[in-house]
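Read through the structure below, which is laid out as structure tokens, and then see the notes.
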Amino acid sequence: MKKIISVILAAFFMCGIAAGCNDNTPKGPGYINERDKYLNGFAEPLGASNVKNFDLDVTIDLYKQMNVKAARLWMHQNEYLSSPTTLINSGIVKFKNIIKKLKDAGIEHIIAMNHYYYYDGGFSSMVPSRDETANSEYRQFLEENRQAWETTAKAFPEITYWEVGNEMNHDPFLKPVTGNAYSSAEKCKIMTDYMYYATKGIKEGNPASVSVMPGLAPFGSMKYVEICLENIYKDIKSGNFPAGSVKSTNSDDYFDVLCWHPYNTIKFDYEVDEEWRDINITCYDVAKKYGDNGKKVVLSEFGFIDMGEESRDINAGKYLRDAYNYIKNDMPFVETLFSFRMYNDSSTAGSELGSGEPYYGFFTEPNSNGEIMPKKRAEVLCELYNGNLEGIYKYAGSLRK
């Protein structure tokens with residue numbers, strides 16, 4: 001009997017170390033979840049701001065006052081690349097300065113994001129239609145963007161986390177060169193190809209790089225995020241991706257970290273409730289179903305639109321508190337919540353992103369005197385992040401009554 005038991009135990013032991021026998025075995029950096037250090041995140045276009053009277057040093061100081069520990073940094077390649085392999089020195093200097101300022105402020109964890117693609121000699125939101133034919137325009141597009149990401153990762157070794165796009169499942173961020181908008185399935189297929197080549201590029205540029213899935217948009221509702229995740233995983237596991245001669249069914253070749261934007265667009269004021277919690281868990285269940293249990297998630301944008309109304313701002317504070325508690329207590333797969341965004345932004349009025357886009361700010365847009373007033377939900381976020389409540393009024397000046 002002892003011999004039989006020994007044989008069984010040995011078999012279990014061998015199974016535990018054999019490849020593929022234990023799906024929960026950590027496979028890479030995407031399985032190292034440091035939420036205790038980095039849950040408190042903020043997303044603001046520090047290097048690409050059109051906010052009136054924007055001041056970088058003031059903004060980073062407000063990060064410090066709020067006890068922000070992770071930053072999502074817009075780093076569009078058109079500012080520091082003139083081609084996939086050619087650097088623009090002024091852009092390199094600009095972003096290295098921003099990165100240094102963030103790190104000097106104690107914000108070591110930075111996820112850098114670019115959502116423009118190199119195509120036809122320049123950067124834009126346009127992507128040619130999917131064509132796997134050798135030497136096709138699409139295949140050239142993928143290779144040039146692989147090169148662009150390799151060049152980027154080499155140029156910025158101080159950044160290891162790269163979100164290789166933004167809301168590629170949403171029309172404003174993935175547009176056809178001609179004709180009607182891509183269908184959801186078409187966008188997911190292009191996104192799957194693009195993630196593979198971008199991930200390959202950043203890891204060739206810097207082997208320490210970590211690839212973050214472009215944050216998925218909840219167009220219509222969070223159900224759309226679930227559908228897109230299902231489509232992406234099905235495409236990966238089909239054995240027919242990416243476009244090109246080399247195929248891979250390993251999701252790690254496409255992304256190390258999962259990412260989506262859990263705006264509750266189906267509810268008025270983006271109300272957060274148990275349904276919101278449950279659909280986020282359901283989204284993660286998709287990853288688990290395809291063998292990625294344990295792979296971490298970052299929520300690289302999350303916030304509320306108040307339309308300039310104080311009552312809606314107060315409601316947003318309540319929903320924010322509920323969301324943060326759901327994340328802490330029921331969503332252990334989330335490493336970082338990136339609250340979006342610091343200021344109201346009047347420059348976005350009339351944009352294709354909708355009438356509410358100017359009203360995401362936790363703070364008012366700075367006035368001509370540089371005065372900035374925190375909204376009610378900024379107070380809530382500061383409390384949740386264990387920040388300095390008095391400190392967020394540091395620049396309020398005459399606006400504080």
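Computed from a predicted model, the values in this text were never measured in an experiment.
- Among all heavy-atom pairs drawn from Gly303 and Tyr270, the shortest one is O-CD2, 3.5 Å.
- For the residue pair Glu371 and Ser398, a side-chain donor N or O sits within less than 3.5 Å of a side-chain acceptor on the partner.
- Inspection of the Tyr290 and Glu230 side chains reveals an N or O donor paired with an N or O acceptor under 3.5 Å.
- Look at Arg146 and Glu204 and you find a salt bridge, because one of the NZ, NE, NH1 or NH2 atoms lies within 4.0 Å of a carboxylate O, short of that distance.
- Using a 4.0 Å cut-off between a side-chain N of Lys or Arg and a carboxylate O of Asp or Glu, Lys187 and Asp171 qualify as a salt bridge.
- Inspection of the Thr86 and Ser83 side chains reveals an N or O donor paired with an N or O acceptor under 3.5 Å.
- Salt bridge Glu143/Lys200: absent, no basic N to carboxylate O contact under 4.0 Å.
- Remark: the Tyr224 side chain and the Thr265 side chain contain no N/O donor-acceptor pair separated by less than 3.5 Å.
- Note that Arg72 lies outside the cation-pi zone of Phe338, set by a 6.0 Å cut-off to the ring centre and a 45° limit from the axis.
- Taking the ring-ring contact (aromatic ring centres under 6.0 Å, His included) definition, one finds that Tyr197 meets it with nothing, sequence neighbours left out.
- Looking at Asp285 and Lys289, no side-chain N of the basic residue comes within less than 4.0 Å of a carboxylate O on the acidic one, giving no salt bridge.
- Crowding of Lys96 atom NZ: a count of heavy atoms from other residues, nucleotides or ligands under 6.0 Å exceeding 12.
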Determine, step by step, whether Asn388 and Asn67 satisfy the side chain to side chain contact (heavy atoms under 4.5 Å, CB included) criterion, reporting the C-alpha distance in whole Å, the side-chain angles of both residues, the deciding distance to 0.1 Å, and the verdict. CA-CA 7 Å; Asn388 175 7; Asn67 197 33; over 6 Å; no
Report the C-alpha distance between Tyr194 and Tyr117 in whole Å, list the side-chain angles of each, state the deciding distance to 0.1 Å, and finish with yes or no for ring pair (Phe, Tyr, Trp, His ring centres under 6.0 Å). CA-CA 10 Å; Tyr194 184 85; Tyr117 320 106; 5.2 Å; yes
Start with the C-alpha gap between Phe302 and His261, add the side-chain angles, then the distance that decides, and say whether ring pair (Phe, Tyr, Trp, His ring centres under 6.0 Å) holds. CA-CA 6 Å; Phe302 178 65; His261 298 164; over 10 Å; no
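- Of the charged side-chain nitrogens involved, at least one lies within less than 4.0 Å of a carboxylate oxygen, so that Lys296 and Glu335 count as a salt-bridged pair.
- Evaluated for a side chain to side chain contact (heavy atoms under 4.5 Å, CB included) with Phe255, the options Ile236, Val212, Val164 yield exactly one hit, Ile236.
- Aromatic ring orientation, Tyr360 versus Tyr263: tilted (interplanar angle from 30° to 60°).
- Under the 4.0 Å criterion applied to side-chain N and carboxylate O atoms, Lys376 and Asp313 are not assigned as salt-bridge partners.
- For the pair Lys94 and Glu79, the salt-bridge criterion is met [side-chain N within less than 4.0 Å of a carboxylate O].
- Ring orientation note: the planes of Trp149 and Trp162 are nearly perpendicular, at an angle over 60° on the 30°/60° scale.
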Salt bridge (charged side-chain N to carboxylate O under 4.0 Å, His left out), that's the test. Do Lys52 and Glu365 meet it? Break it down for me. CA-CA 7 Å; Lys52 289 181 181 177; Glu365 191 165 37; 5.3 Å; no
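- Under the 4.0 Å criterion applied to side-chain N and carboxylate O atoms, Lys267 and Asp273 are assigned as salt-bridge partners.
- For the side chain to side chain contact (heavy atoms under 4.5 Å, CB included) with Cys259, the qualifying choice from Val298, Leu216, Leu299, Ile111 is Val298, the only one to do so.
- Taking the six-membered ring where the residue is Trp, Phe156 and Tyr80 present perpendicular rings, their angle passing 60° and hence far from 30°.
- Inspection of the Ser300 and Glu163 side chains reveals an N or O donor paired with an N or O acceptor under 3.5 Å.
- Side-chain N/O atoms of His115 and Ser125 include no donor and acceptor closer than 3.5 Å.
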Test Glu379 against Arg321 for salt bridge (charged side-chain N to carboxylate O under 4.0 Å, His left out), laying out the working first. CA-CA 11 Å; Glu379 294 182 359; Arg321 186 183 303 279; over 6 Å; no
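- Side-chain contact, Asp345 with Ser347: a donor N or O sits under 3.5 Å from an acceptor N or O.
- For the residue pair Gln77/Thr152, the side-chain donor-acceptor check at 3.5 Å is satisfied.
- Comment: Asp292 does not engage Lys288 in a salt bridge, judged by the lack of any side-chain N to carboxylate O separation of less than 4.0 angstrom.
- Phe241 has its ring centre no less than 6.0 Å from the ring centre of Tyr254.
- Ring geometry for Tyr385 against Tyr324 counts as tilted: the plane angle lies between 30° and 60°, on a 0 to 90° scale.
- Aromatic ring pairs are classed by plane angle as parallel below 30°, tilted from 30° to 60° and perpendicular above 60°; the pair Phe141 and Tyr119 is perpendicular.
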Mind running side chain to side chain contact (heavy atoms under 4.5 Å, CB included) on Leu46 and Leu102 for me, showing each step along the way? CA-CA 10 Å; Leu46 300 178; Leu102 284 168; 3.9 Å; yes
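- A salt bridge links Glu132 with Lys247: at least one charged nitrogen is closer than 4.0 Å to a carboxylate oxygen.
- In terms of the salt bridge (Lys or Arg N to Asp or Glu O under 4.0 Å) criterion, Lys69 has no residue partners (sequence neighbours excluded).
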Pair Asp131-Arg139, salt bridge (charged side-chain N to carboxylate O under 4.0 Å, His left out): steps then yes or no: CA-CA 7 Å; Asp131 179 357; Arg139 291 277 296 277; over 6 Å; no
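- Proximity of Tyr31 to Lys295: side-chain heavy atoms (C-beta onward) are separated by under 4.5 Å at one or more points.
- A tilted orientation is assigned to the rings of Phe304 and Tyr319, their planes being inclined by 30° to 60°.
- Although no hydrogens or angles enter the test, the distance criterion places a donor-acceptor pair under 3.5 Å between the side chain of Thr336 and the main chain of Tyr38.
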Derivation and outcome, side chain to side chain contact (heavy atoms under 4.5 Å, CB included), residues Asp256 and Lys203: CA-CA 11 Å; Asp256 294 305; Lys203 290 180 184 292; 2.8 Å; yes
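- For the residue pair Ser184 and Asn231, the shortest heavy atom distance occurs at OG-ND2, 4.5 Å.
- Across every non-hydrogen atom of Asp193 and Pro242, the tightest pair is OD1-CA, 3.2 Å.
- Using a cutoff of 4.0 Å between basic side-chain nitrogens and carboxylate oxygens, Lys101 and Asp57 are scored as salt-bridged.
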